[in-house]
Amino acid sequence: MLGAEIRVNQEIFASFRLAGVNVGIGVENCSFIGPDAEYPHLAFYIDAGTMLHMREWLAQCGIPTSDVWTRRGKEALMFFLDPSGNVIEFLCQSGYPDAENLPRGLAAGHGRTLDINALRYDDWKRPSRKGSREVVRD
């Protein structure tokens, strides 16, 4: 969904290259990311246009995201989960429209900012080029 290049694709582990970074993730019991936990997670810095585009793209795919929010009124953050439950953060450090009016999250206290379970899903859709959608089951 994010355009990554798959390097390793095994039953309990995958490695991919995304935004010039090699990332390895695993399914349950193969990761330090625990159920209900926001941390640790993967984070990517993106610009405002990409944040808006990715939020729309993930919605078209049926993947729930957190609300876009801010800590200090300058940056914008958004969280979502990959199909294995790994937490991914997109952070736009500046330039997000109306960032000063976004809902405020905690300036500190990582791990209590959002309800991770509200972002879980079992199915997602990969929009086709012709506008129809293919349902993918986890």
Donor-acceptor contact below 3.5 Å, side chain [X] vs main chain [Y]:
{"X": "Tyr121", "Y": "Leu81", "answer": "yes"}
{"X": "Thr65", "Y": "Phe79", "answer": "no"}
{"X": "Glu56", "Y": "Leu52", "answer": "no"}
{"X": "Asp47", "Y": "Gly49", "answer": "yes"}

If you measure from [atom1] on [X] to [atom2] on [Y], what distance do you get to the nearest 0.5 Å?
{"X": "Arg55", "Y": "Phe80", "atom1": "CZ", "atom2": "CZ", "result": "11.5 Å"}
{"X": "Gln60", "Y": "Lys125", "atom1": "CD", "atom2": "NZ", "result": "10.5 Å"}
{"X": "Phe44", "Y": "Met78", "atom1": "CZ", "atom2": "CE", "result": "12.0 Å"}

>> Looking at every heavy atom in both Ala48 and Cys92, which two are closest together, and how far apart are they?
In response: N-SG, 3.4 Å
>> Checking Arg104 against Trp69 for the side-chain contact (heavy atoms from CB on, under 4.5 Å) test, could you report, in this order, the C-alpha distance in whole Å, the side-chain angles of both residues, the deciding distance, and whether it holds?
In response: CA-CA 6 Å; Arg104 301 288 171 131; Trp69 57 280; over 6 Å; no
> Does the pair Lys74 and Ser94 meet the rule for a side-chain contact (heavy atoms from CB on, under 4.5 Å), with working shown?
Replying inline: CA-CA 6 Å; Lys74 296 180 181 182; Ser94 64; 5.9 Å; no
>> Is there a side-chain contact (heavy atoms from CB on, under 4.5 Å) between Leu77 and Val68? Walk through the geometry before answering.
In response: CA-CA 5 Å; Leu77 300 98; Val68 178; over 6 Å; no
> How far apart are the C-alpha atoms of Phe16 and Glu5, what are their side-chain angles, what is the distance that settles it, and do they pass the side-chain contact (heavy atoms from CB on, under 4.5 Å) test?
Replying inline: CA-CA 5 Å; Phe16 55 91; Glu5 174 191 345; over 6 Å; no
